Amino acid sequence: MAEQDRYLWTKNVDGKTRVGLTKFGQDELGSVMFAQLPSVGDQVTAGKTLISVEAEKAVSDIESPMTGKVVAVNPQLDAGDYDTLNSEAEADAWLVDLTE
């Protein structure tokens with residue numbers, strides 16, 4: 001299993017692919033203190049860095065699971081509130097929505 005497959009989940013939301021941080025990823029990283037995400041309109045490439053995360057256990061670059069265009073960024077993360085990446089509800093820990 002590729003590392004990003006353990007750290008990220010994907011789900012179809014209204015025809016877009018939502019990408020989020022898995023519970024495994026949350027546990028491996030520890031409490032997230034900072035995340036650098038792409039912006040709406042950015043192109044991301046499968047296997048290239050999607051998000052850079054600073055957390056209590058690690059500083060990591062996490063690779064994108066797909067190639068596409070960023071059409072939405074989690075507004076809480078965009079506002080600098082990284083607590084959502086430490087949420088017990090995995091669905092709250094979404095990062096971006098992508099289209100192919």
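Residue numbers run from 1 in the order of the sequence given. As the structure is a computational prediction, the values presented were derived from the model and not from experiment.
One N or O on the side chain of E56 and one on the backbone of S31 form a donor-acceptor pair closer than 3.5 Å. Under the 3.5 Å distance criterion, the side-chain polar atoms of S64 are matched with a main-chain donor or acceptor of M66. No donor-acceptor pair closer than 3.5 Å links the side chain of K16 to the backbone N or O of V70. With hydrogens and angles disregarded, a donor-acceptor distance shorter than 3.5 Å links the side chain of T22 to the backbone of G25.
Across Y7 and E28, no two heavy atoms sit closer than the pair OH-CB, 3.4 Å. The shortest heavy-atom contact between S60 and A58 is OG-CB, 3.7 Å. Considering every non-hydrogen atom in both W94 and P75, the closest pair reads CZ2-CD, 3.8 Å. Between A55 and V32, the closest heavy-atom pair is CB-CA, 4.0 Å. Taking all atoms of both residues into account, the shortest heavy-atom contact from K11 to W9 is CB-CZ3, 3.8 Å. Here the closest non-hydrogen pair linking R6 and F24 is NH2-CZ, 2.8 Å.
Looking at I62 and I51, their side chains come closer than 4.5 Å, going by heavy atoms from C-beta outward. Side-chain contact check for N74 versus L95: every heavy-atom pair is 4.5 Å or farther apart. The shortest distance between side-chain heavy atoms of V96 and L37 falls below 4.5 Å. Between R18 and T10 there is no side-chain heavy-atom pair separated by less than 4.5 Å. Side-chain contact check for N12 versus T17: every heavy-atom pair is 4.5 Å or farther apart. Taking 4.5 Å as the limit, some side-chain heavy atom of P65 sits within range of a side-chain heavy atom of V19.
To the nearest 0.5 Å, atom OG1 of residue T67 and atom CD of residue E100 are 8.5 Å apart. One finds the CG atom of D81 at 5.0 Å from the CD atom of Q76 (value rounded to the nearest 0.5 Å).
Counted within 6.0 Å of CD on Q43, heavy atoms from surrounding residues, nucleotides or ligands total more than 12; the atom is thus considered enclosed. Residue K23 qualifies as enclosed at atom NZ: its count of foreign heavy atoms under 6.0 Å is above 12. No more than 12 heavy atoms of other residues, nucleotides or ligands sit less than 6.0 Å from atom CD of E88. Annotation for K69: atom NZ does not count as buried by contact number, only 12 or fewer foreign heavy atoms lying within 6.0 Å.
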Practice item. For L98 and V44, run side chain to side chain contact (heavy atoms under 4.5 Å, CB included): C-alpha distance rounded to whole Å, both residues' side-chain angles, the deciding distance at 0.1 Å, then the answer. Key: CA-CA 9 Å; L98 304 172; V44 297; 3.8 Å; yes
Exercise for review: Would you sort out whether S52 and D61 count as a side-chain hydrogen bond (donor to acceptor under 3.5 Å, both in side chains), showing the intermediate values?
Suggested key: CA-CA 4 Å; S52 296; D61 288 338; 2.6 Å; yes
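Hydrophobic clustering of Ile, Leu, Val, Met, Phe, Trp and Tyr side chains at less than 4.5 Å, counting indirect connections, keeps L29 apart from V59. Note: the hydrophobic cluster containing M33 does not contain L77 (ILVMFWY, side chain heavy atoms under 4.5 Å, direct or indirect links).
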